[in-house]
2 protein chains.
Amino acid sequence: MTKPKQEPLIDLCRQRGLRITGQRRVILQVLDAADDHPNVEELHRRVGQREPGVNIATVYRTMNKLAELGLIERHMFGDGRLRYEPAPDEHHDHLINVETGEVIEFRSDEIERLQEEIAQKYGFEIVSHKLELYVKPRKTR
Amino acid sequence: MTKPKQEPLIDLCRQRGLRITGQRRVILQVLDAADDHPNVEELHRRVGQREPGVNIATVYRTMNKLAELGLIERHMFGDGRLRYEPAPDEHHDHLINVETGEVIEFRSDEIERLQEEIAQKYGFEIVSHKLELYVKPRKTR
DNA sequence: GTCAGTGCAAAGAATTTGCAATTAG
DNA sequence: CTAATTGCAAATTCTTTGCACTGAC
């Protein structure tokens with residue numbers, strides 16, 4: 001959805017000096033191909049389709065490493081499991097359909113601005129933020 | 001902070017037909033007295049000060065029951081543990097100081113309105129939402 | 001060659017659950 | 001009386017870790 005073409009993760013990893021192993025290559029491909037917000041179990045499943053035998057601990061470790069480097073973003077939506085998405089060029093927020101679990105990305109410059117204002121009012125600066133709208137389809141009568 | 005006097009939880013529980021046991025009474029007192037967002041371990045600690053011997057499983061079960069009934073709200077801030085606050089009369093959002101862990105409540109009608117607008121634009125209605133600003137003290141100068 | 005990365009199984013951390021005993025209503 | 005609640009320990013679920021081995025650079 002909000003997914004402009006950008007440099008593949010594998011190149012970013014090389015730049016940062018990570019070793020490109022077979023397992024890692026597949027994990028990065030899966031991440032690049034994802035346009036949703038999979039959790040580790042789902043990632044592991046997708047990796048397994050391309051290359052069986054990759055241990056889930058490796059997926060966990062890779063995600064942690066990528067998150068440390070800021071190459072992916074971690075989320076915790078309603079279900080209590082970590083989910084990931086390749087770091088977007090521009091920040092966006094999430095709208096979660098509670099009936100289907102579907103996640104839609106959106107962005108509101110106006111809300112971004114108001115957030116800054118609020119933080120400032122309290123004497124802080126924003127490190128990061130998270131706005132999640134849990135929604136259901138509108139009954140159009 | 002944003003904590004207008006309201007009906008004690010114990011009365012709300014009676015109205016909903018929950019049995020008031022000794023353990024539950026203490027837990028509810030602790031919740032009523034809290035003006036922060038404690039996790040279960042912290043609640044259990046506070047309960048233990050008033051009445052030793054209450055099992056932490058009881059605290060978990062009670063919090064789940066209260067949340068089901070909408071008498072308290074669950075949050076998951078940065079640290080991956082569930083936290084609770086008595087359900088406020090009016091919705092508010094949170095500003096979390098990442099350096100101290102302190103949580104400040106705030107409300108912006110304008111942001112609320114923009115959220116509605118966005119949900120509507122996508123054809124949804126909001127079930128609930130969560131806005132969290134992770135902040136740090138502003139370096140003045 | 002060296003050290004980051006991996007698999008595996010075991011450990012952790014947070015939360016839930018089965019069950020027998022207790023107790024509020 | 002009896003169905004809800006509790007304590008306790010065991011089970012679940014998700015994630016991390018120790019360690020010996022492998023392989024990228």
Side-chain angles (χ1 to χ4, degrees), chain A residues 9-31 37-48 50-69 71-84 101, chain B residues 9-31 37-48 50-69 71-84 101:
Chain A
L9 282 170
I10 193 166
D11 293 336
L12 298 172
C13 284
R14 283 214 179 82
Q15 289 167 26
R16 303 305 198 91
L18 295 192
R19 289 188 180 173
I20 307 302
T21 66
Q23 297 91 321
R24 202 165 265 178
R25 190 190 316 278
V26 178
I27 294 171
L28 297 175
Q29 285 170 357
V30 166
L31 280 170
H37 305 71
N39 59 36
V40 171
E41 188 182 0
E42 173 63 17
L43 285 168
H44 182 235
R45 203 187 56 70
R46 294 184 195 176
V47 167
R50 306 192 185 212
E51 171 79 18
V54 178
N55 197 282
I56 198 168
T58 299
V59 180
Y60 272 107
R61 279 190 275 231
T62 302
M63 300 316 280
N64 284 339
K65 184 137 288 189
L66 296 178
E68 273 169 33
L69 298 178
L71 302 181
I72 59 175
E73 278 186 6
R74 313 173 71 155
H75 298 291
M76 264 279 296
F77 297 145
D79 66 351
R81 316 174 53 155
L82 292 170
R83 297 165 146 230
Y84 298 89
Chain B
L9 281 171
I10 193 165
D11 293 337
L12 298 171
C13 285
R14 283 215 178 81
Q15 290 167 27
R16 302 304 199 91
L18 294 192
R19 289 190 180 174
I20 306 302
T21 65
Q23 296 91 321
R24 204 165 264 178
R25 189 191 316 280
V26 179
I27 293 171
L28 297 175
Q29 285 171 356
V30 166
L31 281 169
H37 306 70
N39 60 34
V40 171
E41 189 182 1
E42 173 63 17
L43 284 168
H44 182 235
R45 204 186 55 70
R46 294 184 195 175
V47 166
R50 305 193 186 212
E51 171 79 18
V54 177
N55 196 284
I56 198 167
T58 299
V59 180
Y60 272 108
R61 279 190 275 232
T62 302
M63 300 316 280
N64 284 340
K65 185 137 288 188
L66 296 178
E68 273 169 33
L69 297 178
L71 302 182
I72 58 175
E73 279 186 6
R74 314 171 70 152
H75 298 291
M76 263 279 295
F77 297 144
D79 66 351
R81 315 174 54 155
L82 293 170
R83 297 165 147 230
Y84 299 89

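In the text below, chain A, chain B and the rest are named by the order of the sequence lines, each starting its count at 1.
- The closest side-chain heavy-atom distance from B:Leu18 to B:Leu69 is below 4.5 Å.
- Taking the side chain to side chain contact (heavy atoms under 4.5 Å, CB included) definition, one finds that A:Glu42 meets it with A:Pro38, A:Asn39, A:Arg45, A:Arg46, sequence neighbours left out.
- Residues A:Leu82 and A:His75 are not in side-chain contact: their nearest non-hydrogen atoms beyond the backbone lie 4.5 Å or more apart.
- Not one side-chain nitrogen or oxygen of A:Gln23 sits closer than 4.0 Å to the OP1 or OP2 atom of D:dT22.
- Taking for each of A:Val54 and B:Met76 the nucleotide of DNA chain C with the nearest heavy atom, the 5'-most of the two is the partner of A:Val54.
- The residue among B:Glu41 and A:Val59 whose nearest nucleotide of DNA chain C lies closer to the 5′ end is A:Val59.
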* Treat primed atoms plus P, OP1 and OP2 as sugar-phosphate and everything else as base, then score nucleotides 20-25 of chain C 5' to 3': B for base contact with protein heavy atoms under 4.0 Å, S for sugar-phosphate contact only, - for none. => ---BBS
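- Contact check, A:Arg24 against C:dT6: a side-chain N or O comes under 4.0 Å of OP1 or OP2.
- A distance-only check finds no donor-acceptor pair linking the side chain of A:Arg83 to the backbone of A:Arg74 [under 3.5 Å].
- With C:dG5, D:dC8, C:dT15 as the candidates, the nucleotide lying closest to the side chain of B:Asn55 is D:dC8.
- Annotation: side chain of B:Glu41 is in contact with side chain of B:Arg81 (closest heavy-atom distance under 4.5 Å).
- If you measure from atom CZ of B:Arg81 to atom P of C:dT15, you get 6 Å, rounded to the nearest angstrom.
- Rounded to an integer number of Å, the gap from A:Leu82 CG to C:dA13 P is 17 Å.
- Looking at residues two or more places apart in sequence or on another chain, you find no salt bridge (Lys or Arg N to Asp or Glu O under 4.0 Å) involving A:Glu51.
- Looking at heavy atoms from C-beta onward, A:Tyr84 lies out of side-chain contact with A:Leu66 at the 4.5 angstrom threshold.
- Taking all atoms of both residues into account, the shortest heavy-atom contact from B:Ile56 to B:His44 is N-NE2, 3.6 Å.
- Between its two ends, the helix from C:dG1-D:dC25 to C:dG25-D:dC1 turns its axis by 40°, counting five pairs per end and rounding to 10 degrees.
- At whole-Å resolution of the value, CD in A:Glu68 and C1' in C:dA4 are 13 Å apart.
- One can place CG of B:Leu43 at 11 Å from P of C:dT15, the figure rounded to the nearest angstrom.
- Between B:Gln23 and the options B:Val47, B:Asn55, B:Val54, a side chain to side chain contact (heavy atoms under 4.5 Å, CB included) holds for only B:Val54.
- Against DNA chain C, the stretch residues 60-67 of chain A makes heavy-atom approaches under 4.0 Å through A:Arg61, A:Lys65.
- Partners of B:Ile20 under the side chain to side chain contact (heavy atoms under 4.5 Å, CB included) rule, at least two apart in sequence or in another chain, are B:Ile10, B:Cys13, B:Arg14, B:Arg25.
- Residues A:Val30 and A:Arg50 meet the side-chain proximity criterion, which asks for heavy atoms closer than 4.5 Å.
- Nucleic acid contact for A:Ile56: none, since no nucleic acid atom lies under 4.0 Å from a heavy atom of the residue.
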